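A short write-up of the structure that comes next.
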Amino acid sequence: MVMKLLYLGSSLFLVLALVSVVVSGSEKGLPILSFDEGYTQLFGDDNLVVHRDGQAVHLSLNERTGSGFVSQDLYLHGYFSASIKLPADYTAGVVVAFYMSNGDIFAKNHDEIDFEFLGNIRGKDWRIQTNIYGNGSTSVGREERYNLWFDPADDFHQYSILWTDSQIIFYVDDIVIREFKRTASMGGDFPSKPMSLYATIWDGSDWATNGGKYRVNYKYAPYVAKFSDLILHGCAVDPIEYSSKRCDSTQSLEQLSTSITPSQRSKMDSFRRKHMTYSYCYDQTRYKVPPPECVINPQEAERLKKFDPVTFGGGRRHHGKRHHRSRASRSEASSI
């Protein structure tokens, strides 16, 4: 309780400041930090390479190791973003992660907010996964998985997290793909302690692609994930006292908003209708009753039931012809 009171003031300041303009993919006016200004290497030795005078970072995975970096500061709420280009060709078993965590400080009750990119065999698309843990609630995975309307290995795209004391919003470019609201029934399971921002690439062969059926093939190494336009926009928190370490009052925080416009919500609904392939809220094999924070959307439930009747509907899997999703063109983004 004492620690919570110490950083409550800075948290309240930031939340009150996030109330003006809706976040967009352009992040107009938000400061982009160079690598040396905001980050430090986490692991990987020379598998991490800084380019363009610190404005871009390449993370590599080879037979020897993966690599990663972490923010120099802890943050309590804010907006965190990176432009990412993923490895191409055969990427089965490869995991690229852009996430927030405090597991190094709170080993038994850590918080986490994840973007995870899961590689695939040649000719199959990368999949994107979001997940949320609070207070060590890893037994209640809150995963959602999606296909994308573009190939994330073709070019850079912006992936962003907005985190306040009441909700978490995930963005791909200017599209809201997930809104997660805090509810009283969650108790302490909502992320509420200061976290660092991480970016990593690593070998997830045991689970990442078809439950481990397809593994990393180092014949195609090195796998290189490219990061640029790195944004850390929040109040830094002292790692010892958990009080406000630095709030940049010269850079207005009023450029962000906790609200979603009707247009954004319409695009989010369209994205989820077309591209969401898994949500823990509808997984009847894991939860006979959905976790209390879940808001069931009948249309989502019906579509996922048709997509996977065993997981989402308690039915039996039919082994007929398999229909694979064809890759959509970039023009589809305008219809999301």
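Remember, it's a predicted structure, so these values are computed and weren't measured experimentally. Scope of the values below: all heavy atoms of this structure, side chains included, with no hydrogens, waters or symmetry mates.
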Between Asn217 (side chain) and Lys219 (backbone), is there a donor-acceptor pair under 3.5 Å? yes

Identify the heavy atoms of Arg145 and Leu118 that sit nearest to each other, and give their distance. CD-CD1, 4.2 Å

Determine yes or no for a side-chain-to-main-chain donor-acceptor pair under 3.5 angstrom, with Ser71 supplying the side chain and Leu197 the backbone. yes

Is the backbone N or O of Thr65 less than 3.5 Å from a side-chain atom of Asn47, with the two atoms forming a donor-acceptor pair by type? yes

Testing Arg178, Gln264, Gln158 for side-chain contact (heavy atoms from CB on, under 4.5 Å) with Tyr171, which one passes? Gln264

Do Val50 and Leu33 share a hydrophobic cluster, counting only Ile, Leu, Val, Met, Phe, Trp and Tyr and linking them when any side-chain heavy atoms are less than 4.5 Å apart? yes

Trp163 side chain vs Ser192 backbone, donor-acceptor pair below 3.5 Å: no

Would you say Asn131's side chain and Arg142's backbone share a donor-acceptor pair under 3.5 angstrom? yes

When you measure from the side chain of Asp229 to the backbone of Ser83, do you find a donor-acceptor pair of N or O atoms at a distance under 3.5 Å? no

Please check if the side chain of Asn210 supplies one atom and the backbone of Lys213 the other of a donor-acceptor pair under 3.5 Å. no

Verify the ring-centre separation between Phe150 and His157: is it less than 6.0 angstrom? yes

Taking the ring centre of each residue, are Phe227 and Phe35 less than 6.0 Å apart? no

Centres of the Phe69 and Tyr39 rings: under 6.0 Å? yes

Are Tyr133 and Leu162 in one and the same hydrophobic cluster, where Ile, Leu, Val, Met, Phe, Trp and Tyr link if side-chain heavy atoms are under 4.5 Å apart? no

Mark yes or no: Lys193 above the aromatic ring of Phe106, with NZ or CZ under 6.0 Å from the six-membered ring centre and no more than 45 degrees from the axis. yes

Does the ring center of Tyr159 lie less than 6.0 Å from the ring center of Phe98? no

Show, in sequence, the C-alpha distance, side-chain angles and deciding distance for Arg182 and Glu293, and conclude whether the salt bridge (charged side-chain N to carboxylate O under 4.0 Å, His left out) test is met. CA-CA 8 Å; Arg182 185 177 197 165; Glu293 73 274 7; over 6 Å; no

